[in-house]
Every structure is written in structure tokens, then in C-alpha cells.
Amino acid sequence: MEKSVVNFNPTHSKYIEYIMALSGKKLIRLGYPEGPVIGLALSVIQQHYKKLKKEELNILLKTVLENPSEYTEHEYLGSIAKSLLPPQGTPKSFELRKNNPAFAIYGGADIEPIALNQMETAMCLPIAQEGALMPDAHPGYGLPIGGVLATQNAVIPYGVGVDIGCRMCMSIYDLPTQKLEQDKNTFTKMLMDHTRFGHATFQKPIDHAVLERKEFKEIPIAQSLKDRAYKQIGSSGGGNHFVEFGLVEIVDAHNEYQLPLGEYLAVLSHSGSRGLGASIANYYTKLAMQTCQLPQHAKHLAWLDLDSEAGQEYWLAMNLAGDYASACHHQIHERLSQAMGEQARVRIENHHNFAWKEQNAQGDEIIVHRKGATPAGKGALGIIPGSMTSPGFIVRGKGNSLSINSTSHGAGRVMSRTKAKKNLSAKVVKQHLQKAGITLIGSGLDEAPMVYKDIHQVMAHQKELVEIIGKFIPKIVRMCGDHRFIEVD
DNA sequence: ATGTCC
């Protein structure tokens, strides 16, 4: 095929149907190899070739596939072409240690055996230095949720998790707390008007400095995701993500925020980096799995050497996704602040799906993966949410090295999503919420309060890790999904 | 958790 095919600029209308129907499976049917190139190609097409009609796109994709070396310098197709050429760095196989080094477990008998097993496997990696399991742990891909793993000079994309930079953000306001009950409908409407979940995004996204970051130009996968990142900015995700109004009770008179003891009106949000982080995570874990080959049961723990080009690129992309997640929270809080006509007095926030460069007891640099774990170095401030009907906590880290300066990221599930959907009744959940005085917009049975562990027990398991500064009681909650639990009158 | 791939 001629190169000129890549310069097509038709304006046919049929392309929309085709783009909607184009899937990774179709790319594979076209002859594309399974692996990182699939996700990359899909987002490149979304970003730059939406205008092509079906046949043209097919020709284009086949052309690059058949002769990738011809296209490595192409502005948009270059990244696909390079991804099709033999992987840089020879694939290497690694064996696991026979026995796992010891690691601290918080929450003993309450931890699911599968999560424990996954942590043991992670500790058997040759790059594993230290590990710890938080009391809210449950099974995940690769590293369990609630797993903390320190490695040397290597990063495991699935040790960070799919939702890179998933985090908490709380704003505390100087507003009379009774307002929340008195003007309940107004606050409920604010959540309806100024938050978006799942597939829904804002018609007019607000621009943000993070979208100007050079990584969006310099890293091919990030470049291909920028349009969607712009569309999704300021929105929240699905699953356990939420935005809620509630009441904070400050219980530590010597808190860093100079907040007098007492009750405050607050906004709490839980969300991550949306499609941007998910696509980055999936792209680099596939890349890692190509170069770092591990026994089947450990394959999702594939890592990237931080000295390698791919490792350095992931590190930059991960940080970009983390900052994007942070920007989303800030916009959520800014929209609500404007609706309330009140600026926040205090903002508290932390990542709980991320990797950091930290130091071990000997002063050597380690890469600390926290996948569903809150940083709790000495004096670090963070938020551990409970459930819709139980409190969350503002905490101060004690800097316990046994936990690798970490603490839980929530209560943790006791019931799987599948089990919850099958066994819980909407009526019972609704009554439970009513009794607790919670107004809920959205959500599904799989996020009902009873699917979570008792947060008080979880906190009891981590007394050595954090001290409590304040307690947050949710009142009006919005999550992703239909409006079946809406309690507005 | 996530338009898509697994």
C-alpha cells in the first residue's frame, strides 16, 4: 500500500458506526498481536483517525501492520509502528524464591486467604525487599488490594493498580452544620448538578494546567489519551467512587489545621484517574509482561526496570495520571465550593494507589508500591473512608516501618460484588440507609454498606500505624449508577 | 477501575 493512504482526510459519516464497533478483538482479527499495541492503536485511532471510513481505516491499519519500519517516524502512527516491531530489550524469565520473606500483616484472621496468598507470591519476587498487608486487604490482580510492596529500582504497574492515583480529597467549610439537614434538597441538587459519574462527563469541561503537561506530548500512549482526559476531567469514576457531603468531628485539639474541636460541614470525594490512568496501567503492564516473564500465577506482577526506557516512561506516565486524578478532585471540590458560595477552610488529600521513591531503614532508596494503602509516614495526613453508614477518619501517620509507613485505604470488602448483587435486597438496603439518615444518589447493591468490614475493627487493627485527628460522618452521598436509592422528597 | 484489549 502507498504511504499516501495515511494522509486521507475524507469526511464520511459512516465512520462513527465503525469506530463504535471497532474493538481490540477486531484489531486482533486483522492480525494485530495481543499485547500493548492493541490499546495503543485503539486510542490513536480515536484521537487522530475518527474521520476515516471503515475500508480506509482497515487499509491504514493493515499497511502499518505489514510494514511497521516504514512508519516509525510518522506523527501519529509512529507509536503503533514501533510497538509492532520486536520489543526493545530481550524478554527475560525470572524464577520466584522458594519461600517468601516475612512481612507484617495487620488484621490477622480477618484477611482473606487469597489476598494473603497473593502477598506471599509478591514477596517471592526477586526484586521484593519488604512488604506489608493492611487490615482491609482483599484479592486483586497481581498485588492484593491493601498490599504494600517495596522493591529496588523496579516498578510493577499492577503493584500500583489499574486506577493510578486513586485518591481521597476532603474540604472542610466554615458553614453551620445544621444547614446540611435544613437545606438537604439544595445540597442534594448540588451533587446532581456539579458531579458526573462513570460514562457521564461535563458538557463544558474546565481546563486545567495538568492538560498542558509535556508528558502528553512526549509519551505516545499519553498523547493518544489526551482528548479523553480533557473530556473526563472533573468527573468521578464508577464502582466504589463517591462524592459526599457530611459532618466532620475534630477530636485532636493539636491538629495541624488549627481547627478548634467541634463539628464542621465537609465534602469528601473518592476517585481516580479515569480512562487515562486505566489505559496507562494496562499498556505498561502488557509491556512489562513481554519483557519480564514470570510463572503463570505471578504473571501480573511483571515489573519494569527503572533504568530501562519503558520503566522511566511508566514512572512519568504514572505521575501524570496521579496529578490528573488530583486535578479531577480539585475541580469536583471547586464546583461544589462555587455552588455553596463558600471557599474551603481546609483541604486534606492523599493517593492510595501509587508508587513512591522512599528510603528504607538503611537509608537506601526503595520503590514503595501502595495498592489500596494510605501513606502513613511520621506526620503524614490522610483520609481513611468507612462506608456510607459508618465514619471515615482523618489520620496522622506514626511512621511505623513495619507497615512501610502505610495504613489501610478504607474498611475493605467482606462480600464480593457478585455475592452482593445476588444476596442483598434493595428493600433491606434502603431501610438500612433510611435508618442511618443517609440520602443516596446512584450506587448499586454491590456498594451497599453491609458489603464492607466494620471500620472500627479495621482501625483497631492499625492503632500502631495512625492516630485519629477527626471523624467524618456521611450524610448525602452520590455514586455511579441509576437513581434507584434516591431519597429526595 | 475501564468505551476498546484480557
Side-chain angles (χ1 to χ4, degrees), chain A residues 15-50 54 57 61 65 80 83-84 138-146 157-168 196-201 221 224-232 235-242 269-290 296 299-300 302 317-318 321-322 324-325 328 351-354 371-372 409-410 413 416-418 443-444 446-447 479-481:
Chain A
Y15 72 91
I16 296 176
E17 297 155 43
Y18 182 59
I19 291 289
M20 302 310 276
L22 183 71
S23 65
K25 274 183 190 161
K26 287 195 176 167
L27 284 174
I28 289 162
R29 216 174 300 149
L30 222 55
Y32 274 68
E34 288 186 44
V37 70
I38 304 292
L40 180 68
L42 286 169
S43 44
V44 167
I45 294 161
Q46 288 294 331
Q47 186 112 328
H48 300 289
Y49 295 102
K50 274 194 171 180
K54 182 175 170 167
L57 192 55
L61 289 166
L65 177 67
I80 300 177
S83 215
L84 284 165
H138 51 102
Y141 271 109
L143 197 65
I145 320 294
Y158 270 14
V160 169
V162 175
D163 191 4
I164 299 170
C166 186
R167 70 202 318 267
M168 303 301 303
R196 293 289 183 277
F197 284 79
H199 296 295
T201 51
I221 182 74
S224 74
L225 297 165
K226 194 187 167 184
D227 278 2
R228 184 153 43 111
Y230 176 74
K231 284 187 194 119
Q232 293 187 328
S235 64
S236 307
N240 57 5
H241 291 174
F242 60 76
S269 55
H270 174 217
S271 189
S273 51
R274 314 292 281 113
L276 176 69
S279 302
I280 288 172
N282 288 328
Y283 175 79
Y284 287 99
T285 200
K286 279 172 184 145
L287 207 58
M289 282 160 71
Q290 278 186 344
Q296 179 64 20
K299 68 174 183 182
H300 287 121
M318 177 194 77
Y324 175 81
C328 287
H351 283 330
H352 54 219
N353 277 13
F354 212 62
K371 186 187 195 179
H409 82 313
R413 297 187 79 95
S416 72
R417 290 185 184 280
T418 352
S443 182
D446 51 345
E447 283 299 327
M479 299 186 84
C480 185

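From a predicted model like this one, the values you see are computed outputs, not experimental measurements.
- Checking side-chain atoms of T285(A) against main-chain N and O of A281(A) turns up no donor-acceptor pair under 3.5 Å.
- The interatomic distance linking L61(A) (CG) with dC5(B) (P) rounds to 15 Å, in whole Å.
- Between the side chain of N353(A) and the backbone N or O of G372(A), at least one donor-acceptor pair lies under 3.5 Å.
- Here the nucleotide nearest the side chain of R274(A), chosen from dA1(B), dC6(B), dT2(B), is dT2(B).
- Residue S273(A) is classed as having no contact, given no heavy-atom separation below 4.0 Å to the nucleic acid.
- Nucleotide dT2(B) holds its C1' atom 17 Å from the OH atom of Y284(A), rounded to whole Å.
- Aromatic pair H270(A)/H409(A): centroids not less than 6.0 angstrom apart.
- Nearest nucleotide to the I28(A) side chain, out of dT4(B), dA1(B), dC5(B): dC5(B).
- Panel note: side chain S43(A), backbone L40(A); a donor-acceptor pair is recorded below 3.5 Å.
- Taking the six-membered ring where the residue is Trp, H300(A) and Y141(A) present perpendicular rings, their angle passing 60° and hence far from 30°.
- Where I38(A) and G239(A) each meet DNA chain B at their nearest nucleotide, the meeting point lying more 5' is that of G239(A).
- Nucleic acid contact class of N282(A) (heavy atoms, under 4.0 Å, all strands): base.
- Residue Y283(A) contributes atom OH, which lies 14 Å from atom C1' of dC5(B) at whole-angstrom precision.
- For the pair I280(A) CD1 and dT2(B) C1', the interatomic distance rounds to 13 Å; values are reported in whole Å.
- Closest contact between the side chain of R417(A) and the listed nucleotides dT4(B), dA1(B), dC5(B) involves dA1(B).
- Atoms CG (L287(A)) and C1' (dC6(B)) sit 16 Å apart, rounded to a whole Å.
- The separation between L225(A) atom CG and dT4(B) atom C1' is 11 Å, rounded to whole Å.
- Note on G238(A): only backbone sugar-phosphate atoms sit closer than 4.0 angstrom, heavy atoms only; bases stay farther off.
- When the P atom of dT2(B) is taken as reference, atom OH of Y324(A) falls 11 Å away, rounded to whole Å.
- Across the protein-nucleic acid pair, L84(A) atom CG and dC5(B) atom P stand 18 Å apart, rounded to whole Å.
- Considering only the side chain of K286(A), dC5(B) comes nearest among dC6(B), dA1(B), dC5(B).
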